[in-house]
Amino acid sequence: MASTFALVDCDNFYVSCERLFDPSLREAPVAILSNNDGCIIARSAEVKALGVPTGGPYFKYERLLARHGTRVFSSNYALYGDMSQRVMQVLRQAAPEVEVYSIDEAFLHLADTRAPVDQARQIRRTVRRWTGIPTSIGLGPTKTLAKIATRFAKRHPEVEGVFDLTHRRDVDALLGLVHVGDVWGIGPQYTKRLLARGIETARQLRDARDAWVKKHLTIVGLRTVYELRGVSCLPLDQVRPAKKGITCSRSFGEPVVVLAGLKEAVAAYVTRVAEKLRAQTSIAATLCVFITTKPFGKGPHYHNSYTVTLPEPSAYTPALIRYAHRCLEKIYRPGYRYKKAGVILTGIQPAATHQGHLFVQADHPGNRALMEAVDAVNKRWGRGTVFFAAAGTQQPWPMRQQQHSKRYTTRWDEVPEVRA
DNA sequence: TCTGGGGTCCTAGGACCC
DNA sequence: TCTGGGGTCCTAGGACCC
């Protein structure tokens, strides 16, 4: 028997997290900014109604938002990550099979296949009661249709947060109303191609010719089309696979010109990716560094990257910093105003199974013990308590984060206070 | 003049997602 | 003045091998 997918999607997740800990926000328009306070990445319903798009640059909308009394926050991932875990924990108790798809979404297979809507309502109530986070839930025979159902649930308050798209007749009618660019898996480029072909709705996409879709949208697009037809091609992935690449990159608050500044930034990013690498008990075989002046601003642009294969896969921060600095020296050109740099680790493999190289001692036991000690201290006392001198103490490239809320749930000194 | 063909591996680039 | 960051997968093309 074909099973039903449920997609649980938190409503305005970052905004909901902020509102949870500051009740004065509940009636106010709220917007959350990206790193560097550059873009608007989450909006309350009021802000959406103002026509402010996701990803819109903050400086463009700053005045409009202020005029409507919008409360604006820098993103607080410590808080959102922690709240996300709480929501997912509730879902795991409520359903036998759960795929955590993103920080604010999960696909489920429901235990009781007879009354999925009742069950979805129950899950929604429980998440709300135990975590305070509001959600919407869409049901469908495929993930792609469940996505569309969720969108509908969010846009039509009369369905009270749950919409069921498991019945054929409903699907047929609804797909005719969904713009093709709003289908999961159809981005701006594919939308352009489809519109040029006269395909404007999800229903037209569903009925498109397989051969044409495969040719112009690849096998990925064809899977989407099958999913729209009710043929499930994207299974529920319950176990999160180990990461294949780990990246840390940042735009600089102020452009960086000198090599020494870039070196400090890159060392800090290496520190971060190496932490993530060790947290999943892996080692990396390849390291890539990139620097760029793009994409905005006047003047000559320069973008370059350099990739090294390590003599032996490693998760040892000082060694990785050394190689990253060598990469940087290869690509650095003086005279440019660099806006962003990043570090990417690939060739990731489990630390346990690695067969050590006889003559390369990058990861001898002393190094591993040192990393374990550093990670333990930073876990206990907060990230960055112990760090490598190469990452600098001045940080000439600070992120702008001017409107940070407190880390209510993860820092003892920032827990909410209750006054009698 | 006429000079194979198929398989594998790797990488860069492009598309998508939240 | 001011435009995020971290991922995934697929394809095409080149290198290399037999």
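Note that the structure is predicted; figures quoted are calculated from it, not measured. Proteins come first, then strands; the chains are lettered A, B, ... in the order of their sequence lines, and each starts at number 1.
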- Taking only the side-chain heavy atoms of A:I41 (C-beta and beyond), determine which of C:dG4, C:dG6, C:dT3 contains the nearest atom. C:dG4

- Query: Within this structure, what is the CG-to-C1' distance between A:N36 and C:dC2, rounded to whole angstrom?
  - Reply: 10 Å

- Message: By the 4.0 Å heavy-atom rule, please label A:E105 as base, sugar-phosphate, or nothing.
- Response: sugar-phosphate

- Taking OH from A:Y80 and P from C:dG5, how many angstroms apart are they, rounded to a whole number? 15 Å

- Residue pair A:I219/A:K339 against DNA chain C: nearer the 5' end by closest nucleotide is A:K339

- Note on the structure: Rounded to whole Å, CG of A:D9 lies from P of B:dC17 at a distance of 14 Å

- Query: Looking at the side chain of A:C248, which of C:dT8, C:dG6, C:dG5 is the nearest nucleotide?
  - Reply: C:dG6

- Task: Just say parallel, tilted or perpendicular for the rings of A:Y338 and A:Y332, cut-offs at 30° and 60°.
- Result: tilted

- Under the salt bridge (Lys or Arg N to Asp or Glu O under 4.0 Å) test, residues paired with A:R43 that sit two or more places apart: none

- Query: Does C:dG4 have OP1 or OP2 sitting under 4.0 Å from an N or O in the side chain of A:S249?
  - Reply: no

- Return the value, rounded to whole Å, for the distance between atom CZ of A:F252 and atom P of C:dG4. 13 Å

- Query: With Watson-Crick and G-U wobble geometry limited to distances under 3.5 Å, how should the secondary structure of DNA chain B be encoded in dot-bracket form, using | for bases paired to another strand and [ ] for crossing pairs?
  - Reply: ....||||||||||||||

- Message: Quick check for you: among C:dG6, C:dG5, B:dC18, whose closest atom lies nearest to any side-chain atom of A:K147?
- Response: B:dC18

- Message: Counting only side-chain nitrogens and oxygens, does A:K340 get under 4.0 Å of the OP1 or OP2 atom of C:dG5?
- Response: yes

- C:dG4 and B:dC17: how far apart are their C1' atoms, nearest whole angstrom? 15 Å

- Query: If you look only at pairs with a residue in residues 179-190 of chain A, which of them pass as a salt bridge (charged side-chain N to carboxylate O under 4.0 Å, His left out), with sequence neighbours excluded?
  - Reply: A:R151-A:D182

- For A:Y306, does the OH atom have more than 12 heavy-atom neighbours from other residues, nucleotides or ligands under 6.0 Å away? no

- Item | Test side chain to side chain contact (heavy atoms under 4.5 Å, CB included) applied to A:V8 - qualifying residues, sequence neighbours left out | A:L91, A:L108, A:T135, A:I137

- Task: Measure from CZ on A:R337 to C1' on C:dC2 and round the result to the nearest Å.
- Result: 13 Å

- Distance-only side-chain donor-acceptor flag, A:E227 / A:T224, under 3.5 Å: no

- Message: Test of understanding: with side-chain hydrogen bond (donor to acceptor under 3.5 Å, both in side chains), list the residues that count as partners of A:E18, not counting sequence neighbours.
- Response: A:Y80, A:S405

Between protein and nucleotides 9-15 of chain B, what N or O pairs are separated by less than 3.5 Å?
{"residue": "B:dA15", "atom": "OP1", "partner": "A:R193", "partner atom": "NH2", "Å": "2.9"}

- Message: Is it true that, when you exclude A:K60 itself, more than 12 heavy atoms of the residues, nucleotides or ligands shown sit nearer than 6.0 Å to its NZ?
- Response: no

- Task: Check the distance between C:dT1's P and A:E62's CD and give it to me in whole angstrom.
- Result: 14 Å

- Query: For the pair made of NZ in A:K143 and C1' in B:dC17, what is the distance, rounded to whole Å?
  - Reply: 12 Å

- Query: Contact class for A:K60 vs. all strands (heavy atom < 4.0 Å): base, sugar-phosphate, or nothing?
  - Reply: nothing

- Query: Under 4.0 angstrom, heavy atoms only, what part of the nucleic acid is A:R223 near: base, sugar-phosphate, or nothing?
  - Reply: sugar-phosphate

- Item | Distance test, side-chain N/O of A:S251 to OP1/OP2 of C:dG5, below 4.0 Å | yes

- A:G55 near the nucleic acid: base, sugar-phosphate alone, or nothing, with a heavy-atom cut-off under 4.0 Å? nothing

- Identify, between A:I246 and A:P255, the residue whose nearest nucleotide on DNA chain C lies closer to the 5' end. A:P255

- Across all chains, not counting sequence neighbours, the side-chain hydrogen bond (donor to acceptor under 3.5 Å, both in side chains) partners of A:T317 are A:R278

- Query: With A:D82, which residues qualify under salt bridge (Lys or Arg N to Asp or Glu O under 4.0 Å), at least two apart?
  - Reply: A:R86

- Item | With A:T201 via side chain to side chain contact (heavy atoms under 4.5 Å, CB included) - residues at least two apart | A:R203, A:Q204

- Message: Categorize A:K276 for me: base, sugar-phosphate, or nothing, with a 4.0 angstrom heavy-atom threshold over every strand shown.
- Response: sugar-phosphate

- Query: Any chance the rings of A:F5 and A:H109 have centres within less than 6.0 Å?
  - Reply: yes

- Task: Tell me, please, which residues at least two apart from A:R92 pass side chain to side chain contact (heavy atoms under 4.5 Å, CB included).
- Result: A:M88, A:Q89, A:V98, A:V100

- Query: Can you list, by residue number, the residues of residues 201-215 of chain A that have a non-hydrogen atom closer than 4.0 angstrom to DNA chain B?
  - Reply: none

- What does A:I103 touch in the nucleic acid at a heavy-atom separation under 4.0 angstrom: a base, only the sugar-phosphate, or nothing? nothing

- Message: Distance check needed: C:dT8 C1' versus A:E99 CD, whole Å only.
- Response: 12 Å

Only pairs under 3.5 Å count here: list side-chain donor-acceptor contacts from residues 183-200 of chain A, not counting sequence neighbours, and write none if there are none.
{"residue": "A:Y190", "atom": "OH", "partner": "A:L217", "partner atom": "O", "Å": "3.3"}
{"residue": "A:T191", "atom": "OG1", "partner": "A:G187", "partner atom": "O", "Å": "2.7"}
{"residue": "A:R193", "atom": "NH1", "partner": "A:H216", "partner atom": "O", "Å": "2.8"}

- Task: Mind checking A:L33 for me? I need base, sugar-phosphate or nothing, with any heavy atom below 4.0 Å counting as a touch.
- Result: nothing

- Can you tell which of C:dG6, C:dG5, C:dT3 lies closest to the side chain of A:T247? C:dG6

